[in-house]
Number of protein chains: 2
Amino acid sequence: MIPLAQVTSDALSQRLGESGLRSTPQREIVYDILIKRRDHPTADEVFARVKAELPTISLATVYNCLEALVQCNLIRQVNFDRGPTRYCPNLHPHAHFHDEVTGSTYDIDLPPGIVEQLKAQLPEGYAVSDVEIMFRGKTRERRPATVEHTTR
Amino acid sequence: MIPLAQVTSDALSQRLGESGLRSTPQREIVYDILIKRRDHPTADEVFARVKAELPTISLATVYNCLEALVQCNLIRQVNFDRGPTRYCPNLHPHAHFHDEVTGSTYDIDLPPGIVEQLKAQLPEGYAVSDVEIMFRGKTRERRPATVEHTTR
DNA sequence: GCAATAATTAGAATTATTCTAATTATTGCT
DNA sequence: AGCAATAATTAGAATAATTCTAATTATTGC
């Protein structure tokens with residue numbers, strides 16, 4: 001298994017604290033769920049998985065937890081067209097590939113420099129906080145070696 | 001005024017026909033509206049503008065027309081996070097810059113080759129139909145007339 | 001000119017997300 | 001430890017964008 005950039009419970013608590021947020025059992029579990037299976041789940045899917053461990057959690061809390069984790073940069077949101085927002089704990093610079101047939105989303109690693117090259121296209125006075133790159137298409141049927149995971 | 005890549009009424013009709021769709025007054029007006037002011041309006045905004053010319057049009061029809069135009073590749077959809085879908089008649093390869101402060105969206109021209117360079121990052125067997133690049137950030141305050149969008 | 005097909009319309013339905021108000025938990029003081 | 005202040009959670013209601021539905025109107029091919 002490839003070692004994944006993740007964060008211990010203590011570190012999570014610290015990161016939340018830095019953004020003026022508290023660590024709670026709900027937030028820890030939501031983060032764990034995302035780390036355990038990195039398949040870009042929707043809030044609803046996270047809700048379903050978390051309920052297995054903490055049946056009393058509410059959907060509103062899942063949204064709150066996801067927002068908290070986004071806010072302190074532990075996870076990223078991913079949107080494809082009009083679909084529901086998906087959540088991604090991969091913090092390395094990467095693009096997303098959305099398979100239009102299966103609905104799966106894959107992470108695509110980007111070589112260093114290419115994002116800077118893109119930013120260089122911006123006119124004077126455009127201050128970028130974030131760049132997002134998304135591919136749409138389909139994957140040839142295969143058992144992916146390099147690929148992260150499948151949704152649904 | 002810089003000449004804009006656009007399509008005559010006849011050509012519009014032809015392009016629709018190629019996709020098995022009919023040309024209608026509603027579709028022509030919706031397309032005209034997008035060409036006239038290329039500021040990435042939402043379906044609601046398009047609806048409001050079209051109503052000035054054709055007061056009987058319905059929102060459902062605007063959605064239908066926009067979908068038809070997307071389908072025959074005369075316009076593109078742009079999505080930023082959870083915001084409503086916006087529509088863009090710029091067919092040249094370009095990225096989008098979304099100003100988080102004002103909510104405006106600007107076209108960013110891309111030099112040839114960079115999209116290919118991105119596609120080259122994909123593993124074997126990933127067939128791309130479309131690439132989308134979006135910047136999020138803010139623009140230094142300037143006269144809005146010059147920056148509404150880049151034109152070709 | 002007529003049947004078949006497609007597009008339009010108004011409004012209802014759906015979906016994802018956000019908001020609200022009440023409750024519960026946590027923190028920082030003394 | 002006790003207590004006020006603050007933050008988080010919860011269930012359910014509200015919202016916003018989009019899609020669906022069923023009836024009507026327009027267009028096309030014969």
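Remember, predicted model here, so these are calculated numbers, not experimental data. Below, all heavy atoms of this structure are taken into account, side chains as well, without hydrogens, waters or symmetry copies. Within every chain, numbering begins at 1; the chains are lettered A, B, ... in the order of the sequence lines, protein sequences first and strands thereafter.
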If a protein heavy atom is under 4.0 Å from the base, mark B; if only from the sugar-phosphate, S; if neither, -; do that for nucleotides 2-9 of chain D going 5' to 3'. ----BSSB
In whole angstrom, give the distance that lies between atom [atom1] of [X] and atom [atom2] of [N].
X       : N      : atom1 : atom2 : result
A:Phe47 : C:dT17 : CZ    : P     : 14 Å
A:Tyr87 : C:dA16 : OH    : C1'   : 10 Å
B:Leu54 : D:dT25 : CG    : P     : 16 Å
B:Tyr63 : C:dA13 : OH    : P     : 18 Å
B:Glu67 : D:dT18 : CD    : C1'   : 11 Å
B:Asp44 : D:dT15 : CG    : P     : 16 Å

For A:Lys36, give me all partners under salt bridge (charged side-chain N to carboxylate O under 4.0 Å, His left out), at least two apart in sequence or on another chain.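 Listed in chain order: A:Glu53.
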Can you run down the ring pair (Phe, Tyr, Trp, His ring centres under 6.0 Å) pairs that involve residues 43-62 of chain A, sequence neighbours left out, and say none if there aren't any?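 Sorted pair list comes back empty.
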May I ask you to check whether A:Phe135 and A:Tyr106 place their ring centers less than 6.0 Å from one another?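 Centroid distance A:Phe135-A:Tyr106: not below 6.0 Å, so no.
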For the residue pair B:His96 and B:His98, is the inter-centroid distance of their aromatic rings smaller than 6.0 Å?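 Between B:His96 and B:His98, the centre distance exceeds or equals 6.0 Å.
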For residues 110-123 of chain B, pull every pair meeting side chain to side chain donor-acceptor pair (under 3.5 Å), keeping only residues two or more places apart or in separate chains.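 Listed by first then second residue: A:Gln117-B:Gln117.
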Under the side-chain hydrogen bond (donor to acceptor under 3.5 Å, both in side chains) rule, collect the residues that match up with A:Ser19, sequence neighbours excluded.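 For A:Ser19 there are no side-chain hydrogen bond (donor to acceptor under 3.5 Å, both in side chains) partners, ignoring immediate neighbours.
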For B:Thr42, give me all partners under side-chain hydrogen bond (donor to acceptor under 3.5 Å, both in side chains), at least two apart in sequence or on another chain.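 side-chain hydrogen bond (donor to acceptor under 3.5 Å, both in side chains) list for B:Thr42, sorted by chain: empty.
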Treat a base pair as Watson-Crick or G-U wobble with both distances under 3.5 Å, then lay out DNA chain D in dot-bracket form, 5' to 3', with | for cross-strand pairs. ||||||||||||||||||||||||||||||
Under 4.0 Å from any atom of DNA chain D, heavy atoms only: list the residues of residues 75-85 of chain B that qualify, in numerical order.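 Of all residues in residues 75-85 of chain B, the ones placing a heavy atom under 4.0 Å from DNA chain D are B:Pro84, B:Thr85.
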I'd like a table of donor-acceptor pairs (distance under 3.5 Å, sequence neighbours excluded) in which one partner is a side-chain atom from residues 80-89 of chain B, with atom names and distances.
from	atom 1	to	atom 2	distance (Å)
B:Asp81	OD1	B:Arg136	NH2	3.1
B:Asp81	OD2	B:Arg136	NE	3.2
B:Arg82	NE	A:Thr85	OG1	3.1
B:Arg82	NH2	A:Tyr87	OH	2.6
B:Thr85	OG1	A:Arg82	NE	3.2
B:Thr85	OG1	B:Asn79	ND2	2.9
B:Arg86	NH1	B:His40	O	2.8
B:Tyr87	OH	A:Arg82	NH2	2.6

Between A:Asp39 and A:Arg49, is the salt bridge (Lys or Arg N to Asp or Glu O under 4.0 Å) condition met? List the steps. CA-CA 12 Å; A:Asp39 59 350; A:Arg49 292 179 202 175; 2.8 Å; yes
Residues 66-77 of chain B, side-chain donor-acceptor partners within the protein, below 3.5 Å, at least two apart:
none

Between B:Ser104 and B:Asp99, does a side-chain hydrogen bond (donor to acceptor under 3.5 Å, both in side chains) hold up when you go through it step by step? CA-CA 5 Å; B:Ser104 306; B:Asp99 188 317; over 6 Å; no
